[in-house]
Structure formats: structure tokens, C-alpha cells
Amino acid sequence: MPKTEPIKAVRGVRDILPEERGLWRVAEQAAARVAHRFGYREIETPIIERRELIERGVGEDSDAATKELYRFEDRGGRQLALRPEATASVVRAYFEGGLNQGPQPARLYLMGPMFRYDRPQKGRYRQFFQFDIEAIGGSSPALDAEVIEVARAWLFEVGLKELTLELNTIGDSICRPAYLDLLRAYYRPFKSRLHSECQHRVEVNPLRLLDCKVPQCQPFKADAPRITDHLCEPCALAWKTVRQLLDAAGIEYHLNPYLVRGLDYYTRTVFEFYPAGSTGSQDALASGGRYDGLAAALSWESTPGVGFAGGLDRVTELMATEGEQVITEPAAEVIVLPDGDLVAEAAEVARLIRTVRSAAVDYEPRSLRAKMRAADKQQAKWAVLFSAENAKQHKVQLRDMRTGEQVEVSWPELPERLLPD
RNA sequence: GUGGCUAUAGCUCAGCAUGGCAGAGCACCAGAUUGUGGAUCUGGGUGUCGCGGGUUCAAAUCCCGCUAGCCACCCCA
């Protein structure tokens, strides 16, 4: 048979191997614990959705929709997409599942894979995992602060305490249009001195001018009008309340007037958590904000909401570099090493042991020495070995791998001898 | 989508400038130990040199294309 190229994983995705999986479980369990502590209930939504939901959910002109979306047509000709984030799906499920009829707000959390077709590098994958929190059906600024507190509590819980919280508000549909006009008016005279994309932004999406990182566009930022000076009364009050609540909770934050969301239905609070000292935007561990216009953009009844998405890939990466130690339990506590081809007996012995402890059988046709070495490598706590003679008498040699002590035990005695302390 | 760096054993990497038998350490396998792990010693290379083409008597080495990883952009978790 001609040798052909072995089949590898597709670009930008990866396996979480057993050794690494323990660390992930720590991050996931912390997320679930924190979510429950704040009264959030778990929800799961499909990773495939109608393309429209996704496109309208992330903004049809956004990068996420135009160049990063995994889209495909199914066998029935339906236009589908892999979700690049969870919020639109959760909002859809909130209405479809009747959660809008229950107590408000609905506090929901979700964990799962998201997909974006962008160029892979460390901390950025085409399939990545998010911990997602959404509080839908409530407009209180207290929920904004709560969601930020949940994000922080999670990061704290997994040992990431050196954090920077960037915070801003972007107003709402009442006050933002007027502010955008001011911003446009301010930038128009400089338009020719901006880089090409920003020239376009002046008319189309002036908010994005504020977080442009191209050097030639920087000089104009400092004197640009700030949204915080042009908020309508309700937005100003909400903005003040959020900050007061964060202060009261002892949560430090850094006001960043250049932190924006480029989409119309994002409103008021926006925030991002970074590891302390980080500069790159690709290091964001969690980010979120309020999206009072999203439900309407999806053609559901207008409903406020706020939430965040945290990146499991980046969080576990950081946990590992911060030296988070995860005790890896042995795959099996007891390893049964039969002599020769005493397969049926070995299986029976293992079955008896499994009433009290995990047990695996070494069926490989190799020397006892090799099997012992393998048992040692797997950090088994006990080895159970027996010869044909032992098997006939329903006896085994029970060896404590830590002390090297070895005793002869009859089959019926095994569970008792191996009882967990 | 743009620019740059990289790709040799399971892992970390040397070899490449100046073409000439594919290497080291760790890991792995076997034995010493007459079937009982860890320590030690001995032996074993387990490889389409990322893939495809080109130049050459000869290519891991030089040239071209592709793929993948990493880095900086774009953007995001």
C-alpha cells in the first residue's frame, strides 16, 4: 500500500489532550460554580444557526460577519453559519424557549465552542471556547455591574488576580446619533490625513475612529469629543450608577474613552478584562457590555440585555503559565496484570475491583517486567498479578505500588482489601 | 486579508553558510534480573528531513510553489 500523507487536524483548531484537560476542567468548573453563585442557570444552544441570526447578531458589516464567518448551505439549501459568539443564540433561545415569559431578568450561562475564520496564532483559534453570561430582560445598571463582577469572580477563582478592567459607555439610540454627528464634524477637517480605512469610518462608523491604532490617526484622538460629555440623562445616570456600584464592590477599573463597540445595538456599558500589564488586544480574557438593541435587531420584541464572553483558551493558557498545578489522577488506581492468556480471569478480577475502585487490565502480550513498568508509569496505586496456578485457586498477588508490599488475597477478599480509606 | 520568521525521531534541537552514508539529549522498546516497577548498566533509531516540483553525478542543505505553526497588523475570546 502506498504511503500517503497522514490526516492532520484542520488549520486553526486543536485537541485538548487528557493531560491538559484537567486544567480546562478547573476553569470550567470554576465558571459553573461562579455562575450558580450569582443565580445564573445553564443553557446550551446549537453551534449552527441560521445565517441571518448570526449576521444580524454580530452586525452585517462587522469583520465577524464579512470575513470571519464559517457559512455553509445544508443539504436542504438552508443558509447556515457556525456561531462566532453566543449572545445572538442565547437571545433567540430566550424568546423561542419562552424564558421571556418567566421571571425577569433571565440569568443564563453557556459554555461551548465558537468559530471564527481568522488567521490563527497563539491565543487565537478558529475553534475556541467561551464562557458566556447573559442577563436578559433587565435594564438596571446594577446588572451591568453584576455581570462585570461575575467575570472578575471567575478570573479570580482560577487564580488570575492581576487584572486590568477597561470600562466605557457608548450611550444609546437617543444620545449616540447626536454624538456621532459631533464626532464626524470634528474629524471631517482632518479626513485626508487619516489612513484610508478611517477616512471611510468618518462617514460610516465614526465610533471606530476612537479605537484605531494606526499611528497617523492618533494625533486627532485627544481633542475629539467624548461620549461621556454628551450622554442623555438616562445614560448619564446609568453610567454613574455602574461606576458607583463597582466602587462599592471594590472593583478597580480604568476608564477608557476609546473602548467602543461598533454596532448600533450595543448600548451604554462596555468593558474588557486584560491580564495586568498586557498591551495587545489579542490578550483580552473576557469582554462584554449591554446590548439593549439586539433583540429588536433580530426582529424579536425589544428587550434589554447585558453579558460577557470569556475565553477559555486564553484563560487556561494563562493559568498554565502562572503555574496553576492540577493533580492528574491516574487513569486507573488498580492495574490487573494477568499471566499469559488468563484474559477471562483478569476481566473477572477487574470487575470485582471496580465495585470499589477504578481498575484496568493490561492485556498486552509482554513480559511481566514490562507490564510492571507500564503500571508504574501510569502511577497505579496497586498492581494485581496472578499466575495460572493462582487463578485456579481464585487468588491474586496484591501489590502496593508505593510500599512494594505484596500479599496473597482471594478474589472475594479483594474489594474489602481495596476499600477507599 | 497584509507583512515577517520557522518546519529534521514521540519531545527539545544540532546538521544547512561551502551539496557527499540522517545525528544528540530526553522519551520509547528489549535485556542484565531464569516472568515483579522506580535506580544503574548494555543494546536498539523508532525518520517519506512538512508536502510537491526544479537544479545537480549527488539535495535535509541551493531555487520555486504549497501547507502548517509562530510573530506583528486587521480584528477579536
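All chains are named by letter (A, B, ...) in the order of the sequence lines, taking the proteins before the strands, and each is independently numbered beginning at 1.
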Are [X] and [N] close enough that a side-chain N or O sits under 4.0 Å from OP1 or OP2?
X: A:Arg11; N: B:A68; value: yes
X: A:Arg373; N: B:A30; value: yes
X: A:Gln397; N: B:U36; value: no
X: A:Lys377; N: B:A27; value: no
X: A:Arg369; N: B:A32; value: no

Sticking with atom [atom1], work out how far [N] lies from [M], rounded to a whole angstrom.
N: B:C41; M: B:G25; atom1: P; answer: 13 Å
N: B:C57; M: B:G10; atom1: P; answer: 34 Å
N: B:A22; M: B:C13; atom1: C1'; answer: 14 Å
N: B:A60; M: B:C49; atom1: C1'; answer: 5 Å
N: B:G4; M: B:C11; atom1: C1'; answer: 27 Å
N: B:U61; M: B:C21; atom1: C1'; answer: 15 Å
N: B:A30; M: B:G38; atom1: P; answer: 12 Å
N: B:G31; M: B:U55; atom1: C1'; answer: 49 Å

By the 4.0 Å heavy-atom rule, please label [X] as base, sugar-phosphate, or nothing.
X: A:Ala375; value: nothing
X: A:Gly12; value: sugar-phosphate
X: A:Ala383; value: nothing
X: A:Ala380; value: nothing
X: A:Leu337; value: nothing
X: A:Tyr125; value: base

Searching all strands shown, indicate the nucleotide that pairs with [N] (Watson-Crick or G-U wobble; both distances under 3.5 Å).
N: B:U36; answer: none
N: B:C13; answer: B:G23
N: B:C66; answer: B:G50
N: B:A30; answer: B:U42
N: B:U18; answer: none
N: B:G3; answer: B:C71
N: B:A58; answer: none

Is it true that [X] and [Y] have a side-chain N and a carboxylate O under 4.0 angstrom from each other?
X: A:Glu345; Y: A:Lys392; value: no
X: A:Arg83; Y: A:Glu49; value: no
X: A:Lys67; Y: A:Asp118; value: no
X: A:Arg107; Y: A:Glu134; value: no

For [X] and [N], what is the distance between atoms [atom1] and [atom2] respectively, to the nearest whole Å?
X: A:Asp313; N: B:G69; atom1: CG; atom2: P; value: 14 Å
X: A:Leu368; N: B:A32; atom1: CG; atom2: C1'; value: 17 Å
X: A:Leu69; N: B:C74; atom1: CG; atom2: P; value: 22 Å
X: A:Lys122; N: B:U6; atom1: NZ; atom2: P; value: 19 Å
X: A:Arg208; N: B:C75; atom1: CZ; atom2: C1'; value: 8 Å
X: A:Arg366; N: B:C28; atom1: CZ; atom2: P; value: 12 Å
X: A:Leu209; N: B:C74; atom1: CG; atom2: P; value: 14 Å
X: A:Leu17; N: B:C11; atom1: CG; atom2: P; value: 12 Å

- Under the criteria of a ring-centre distance below 5.5 Å and an interplanar angle below 30°, is A:Phe129 stacked with the base of B:A77?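 One would not call A:Phe129 stacked on the B:A77 base.
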
- Cation-pi check, A:Arg243 onto A:Trp239 ring (under 6.0 Å, within 45° of axis):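 Judged by the rule (NZ or CZ under 6.0 Å from the ring centre, within 45° of its axis), A:Arg243 counts as positioned above A:Trp239.
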
- Item | Charged tip of A:Arg41 within 45° of A:Tyr109 ring normal and under 6.0 Å |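 A:Arg41 over A:Tyr109 ring: no.
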
- Item | Side chain A:Arg14 and base B:G69 donor-acceptor under 3.5 Å |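 No.
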
- Task: Answer yes or no: side-chain N or O of A:Arg119 and base N or O of B:G1 forming a donor-acceptor pair under 3.5 Å.
- Result: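 Answer is no: no donor-acceptor pair is held.
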
- On RNA chain B, check which nucleotide each of A:Met372 and A:Glu68 is closest to and give me the residue with the more 5' one.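 On the 5' side of the pair lies A:Met372.
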
- If you pin A:Ala286 and A:Lys67 to their nearest nucleotides in RNA chain B, which one's is more 5'?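 The 5'-side residue here is A:Lys67.
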
- Task: Taking only the side-chain heavy atoms of A:Pro120 (C-beta and beyond), determine which of B:G38, B:G69, B:U36 contains the nearest atom.
- Result: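 Of B:G38, B:G69, B:U36, B:G69 is nearest to the side chain of A:Pro120.
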
- Message: Under 3.5 Å, is there a donor on one side chain and an acceptor on the other for A:Tyr258 and A:Glu166?
- Response: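 Judged by distance alone, the side chains do not pair up.
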
- Take A:Glu157 and A:Arg37 through the test side chain to side chain contact (heavy atoms under 4.5 Å, CB included) and record every step on the way to the result. CA-CA 12 Å; A:Glu157 190 111 344; A:Arg37 195 182 299 152; 3.1 Å; yes

